[in-house]
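Shown next, in structure tokens, is the structure this report addresses.
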Amino acid sequence: YIVNKTIRKGEWKMNYKEFQKSVLEEVKRRTGEDVRLCETTKNNSVVRVGIIMGEKEILPIIYLEEFFYKYQQKICSIETIAKEIIKVYNEHRDVPFSGKKILEKVGKEENVICKLIHTDSNVQLLQRVPHKTFLDLSVIYYLDGGELKDKSERMTILITNDILKMIPLREEKLYELALKNMEIKFEYKFYNMIEIFEEMPIDEEEKRRLIKSCEEEIMYVLTNKEKFWGATAILRTEILEEIGKKLKQNFYIIPSSIDEVLIVPSYADIDREMMDTMIQEVNETQVSKEERLSDHAYYYSIEERKIFL
């Protein structure tokens with residue numbers, strides 16, 4: 001990005017609300033279109049603010065948080081941000097964002113996927129979507145529209161109670177369909193942390209240090225090939241049974257995010273209370289609120305073939 005050299009006095013000092021208003025006005029000035037702000041409630045009741053343009057039934061939302069970060073770092077001016085938003089919008093304006101057309105295209109059994117979220121942190125969301133309770137978590141469902149052209153994101157549509165009435169799918173089949181499709185589309189993976197560090201493009205000395213720490217504290221990752229909502233792997237009983245056979249031990253499941261969990265054999269010298277404290281600290285300092293799954297570990301018994309809180 002090239003920062004506009006003509007910076008208005010005090011421009012870099014805007015708070016987020018002022019920034020939203022300034023970007024909205026600049027985009028409106030440059031396009032002359034119907035431009036407005038909208039709020040979307042995401043996982044864990046995180047509210048994200050974005051810009052929508054036009055009057056189609058379903059509109060792409062261009063979220064502002066990342067742009068605000070660039071603005072705060074003085075990487076982009078308001079003018080530059082407005083140009084970028086217009087560019088993104090123009091790249092997607094020809095997509096047929098008709099609610100009926102999209103649901104006709106993706107509202108099929110083979111496109112149902114799911115995400116695991118924390119129940120108590122999403123009370124309002126769960127009131128308006130079909131879901132299944134799993135321990136202190138909930139499974140919610142989406143329609144997968146595939147990757148966008150630039151492959152930066154996937155187009156997904158949350159299946160709400162209203163949308164469920166508009167598609168030829170029954171609520172009682174959603175869970176079974178979602179688990180099947182998650183495996184087909186994304187393929188679950190279970191591997192040692194050492195494999196991750198071996199592939200990382202970092203200094204060799206640092207790599208050896210990380211690998212040694214993993215050898216001392218045995219830890220595995222359970223996710224999927226895309227690292228997309230991979231924590232849903234713990235819903236698959238056969239996967240947990242296979243892990244139990246491989247480890248020949250009961251094990252802890254650490255919910256590192258909605259995209260992956262860590263597996264720690266029970267013979268590892270880790271105190272349960274200390275483990276939960278570590279999870280809470282990592283959530284607060286390294287995991288965005290929207291990506292958090294839970295603040296405590298789970299325990300899997302190979303004898304009972306069951307996860308416990």
**Message:** Could you tell me if the side chain of Met182 sits less than 4.5 Å from the side chain of Tyr188, heavy atoms only?
**Reply:** yes

**Prompt:** Which value, rounded to the nearest 0.5 Å, describes the distance between Ile51 atom CD1 and Leu37 atom CG?
**Reply:** 5.5 Å

**Asked** Are Glu25 and Arg30 ion-paired here, with the side-chain N under 4.0 Å from a carboxylate O?
**Response** no

**Prompt:** Could you give the distance from SG (Cys38) to OH (Tyr63), rounded to the nearest 0.5 Å?
**Reply:** 6.5 Å

**Prompt:** Between the main-chain N or O of Tyr142 and the side-chain N or O of Thr156, is there a donor-acceptor pair closer than 3.5 Å?
**Reply:** no

**Asked** Is there side-chain contact between Tyr191 and Thr223, with heavy atoms separated by less than 4.5 Å?
**Response** yes

**Request:** Count the heavy atoms belonging to other residues, nucleotides or ligands that lie under 6.0 Å from OH of Tyr69, then report whether that count exceeds 12.
**Result:** no

**Complete:** Taking every heavy atom of Val287 against every heavy atom of Ser256, the minimum-distance pair comes out as CG2-O, 3.7 Å

**Request:** Go through the steps for Thr232 and Val139 under the test side chain to side chain contact (heavy atoms under 4.5 Å, CB included), then give the verdict.
**Result:** CA-CA 8 Å; Thr232 51; Val139 185; 5.9 Å; no

**Request:** Please check if any side-chain donor atom of Asn250 sits under 3.5 Å from a side-chain acceptor atom of Tyr299, or the reverse.
**Result:** yes

**Prompt:** Honestly, is Lys225 close enough over Phe186, meaning NZ or CZ under 6.0 Å from the six-membered ring centre and within 45° of the axis?
**Reply:** no

**Request:** Check for a donor-acceptor pair, side chain of Asn224 on one end and backbone N or O of Phe228 on the other, with a separation under 3.5 Å.
**Result:** yes

**Message:** Looking at Glu66 and Lys70, is any side-chain nitrogen of the basic one under 4.0 Å from a carboxylate oxygen of the acidic one?
**Reply:** yes

**Shared hydrophobic cluster for Leu309 and Ile253 (ILVMFWY, side-chain gaps under 4.5 Å)** = yes

**Asked** Between Leu240 and Arg305, is any pair of side-chain heavy atoms under 4.5 Å apart?
**Response** no

**Asked** More than 12 heavy atoms of other residues, nucleotides or ligands under 6.0 Å from CZ of Arg272: is that the case?
**Response** yes

**Prompt:** So, for Asp144 and Gly146, which heavy atoms are closest and what is the spacing to 0.1 Å?
**Reply:** OD1-N, 3.0 Å

**Audit row: Asp162, Lys165, side chain to side chain contact (heavy atoms under 4.5 Å, CB included) steps and yes/no** = CA-CA 5 Å; Asp162 290 336; Lys165 296 173 185 176; 4.2 Å; yes

**Prompt:** Does a donor on one side chain sit under 3.5 Å from an acceptor on the other, for Glu291 and Ser257?
**Reply:** no

**Item:** Single-linkage hydrophobic cluster, 4.5 Å side-chain cutoff, Leu135 and Ile140 together
**Value:** yes

**Message:** Between Thr40 and Lys42, is the side chain to side chain contact (heavy atoms under 4.5 Å, CB included) condition met? List the steps.
**Reply:** CA-CA 6 Å; Thr40 306; Lys42 296 288 190 176; 4.0 Å; yes

**Fill in**
When every non-hydrogen atom of Arg292 is compared with those of Asn44, the smallest separation belongs to O-ND2, 2.9 Å

**Prompt:** From Asn122 CG over to Ile117 CD1, what is the distance, rounded to the nearest 0.5 angstrom?
**Reply:** 4.0 Å

**Asked** Should Lys28 and Glu33 count as an ion pair when the cut-off is N to O under 4.0 Å?
**Response** no

**Item:** Side chain to side chain, Phe19 and Asn15, heavy atoms closer than 4.5 Å
**Value:** no

**Message:** Between Asn111 and Val106 (side chain of the first, backbone of the second, donor and acceptor by atom type, cut-off under 3.5 Å), is there such a pair?
**Reply:** yes

**Asked** Shared ILVMFWY cluster between Leu158 and Ile167, side chains joined below 4.5 angstrom?
**Response** yes

**Salt bridge flag under 4.0 Å for residues Lys185 and Glu110** = no

**Request:** Scan side-chain atoms only and decide if Lys306 and Tyr300 contain a donor-acceptor pair under the 3.5 Å cut-off.
**Result:** no

**Request:** Supply the atom-to-atom distance Glu171 CD to Leu164 CG, rounded to the nearest 0.5 angstrom.
**Result:** 6.0 Å

**Message:** Under 3.5 Å, is there a donor on one side chain and an acceptor on the other for His118 and Asn43?
**Reply:** no

**Message:** Using side-chain heavy atoms (C-beta onward) and a distance below 4.5 Å, is Tyr16 in contact with Glu65?
**Reply:** yes

**Pair Thr133, Ser138: side-chain N/O donor-acceptor within cut-off below 3.5 Å** = no

**Request:** Verify the distance criterion only: is there a donor paired with an acceptor across the side chains of Tyr89 and Thr31 at less than 3.5 Å?
**Result:** no

**Item:** For the student: nearest non-hydrogen atoms of Ala178 and Tyr141, plus distance
**Value:** CB-CD2, 3.9 Å

**Prompt:** Are Leu24 and Val88 joined in one hydrophobic group, where the rule is that I, L, V, M, F, W and Y side chains link up if heavy atoms are under 4.5 Å apart?
**Reply:** yes

**Prompt:** Which distance, rounded to the nearest 0.5 Å, do you find between the CG of Asn283 and the NE2 of His296?
**Reply:** 10.5 Å

**Message:** To the closest 0.5 Å, what do you measure between CD (Glu172) and CG (Leu177)?
**Reply:** 10.5 Å

**Asked** If two hydrophobic side chains count as joined below 4.5 Å and joins carry through other members, does Leu235 share a cluster with Ile184?
**Response** no

**Prompt:** Can you tell me if Ser22 uses its side chain to pair, donor with acceptor, with the backbone of Glu18 under 3.5 Å?
**Reply:** yes

**Item:** Trp229 and Ile113, any side-chain heavy atoms less than 4.5 Å apart
**Value:** yes

**Asked** Near Glu273 CD, under 6.0 Å, is it more than 12 heavy atoms from other residues, nucleotides or ligands?
**Response** no

**Request:** Go through Ile243 and Ile302 one step at a time and tell me if the side chain to side chain contact (heavy atoms under 4.5 Å, CB included) criterion holds.
**Result:** CA-CA 9 Å; Ile243 292 172; Ile302 58 175; over 6 Å; no

**Request:** Report yes if the side chains of Leu222 and Ile239 come closer than 4.5 Å at any heavy-atom pair, otherwise no.
**Result:** yes

**Message:** Please determine whether the number of non-hydrogen atoms from other residues, nucleotides or ligands lying under 6.0 Å from atom CD of Gln124 exceeds 12.
**Reply:** no

**Message:** Strictly below 4.0 Å, N to O, side chains only: are Glu176 and Lys180 in salt-bridge contact?
**Reply:** no

**Message:** Looking at every heavy atom in both Ile85 and Ile62, which two are closest together, and how far apart are they?
**Reply:** O-CD1, 3.5 Å

**Asked** Considering all heavy atoms of both residues, which atom of Ile258 and which atom of Lys115 are nearest to each other, and what is their separation?
**Response** CD1-CD, 4.0 Å

**Request:** Side-chain contact test, heavy atoms from C-beta onward, threshold under 4.5 Å: evaluate it for Phe251 versus Leu247 and give yes or no.
**Result:** yes

**Request:** Report yes if the distance between the aromatic ring centroids of Tyr220 and Phe190 is under 6.0 Å, otherwise no.
**Result:** yes

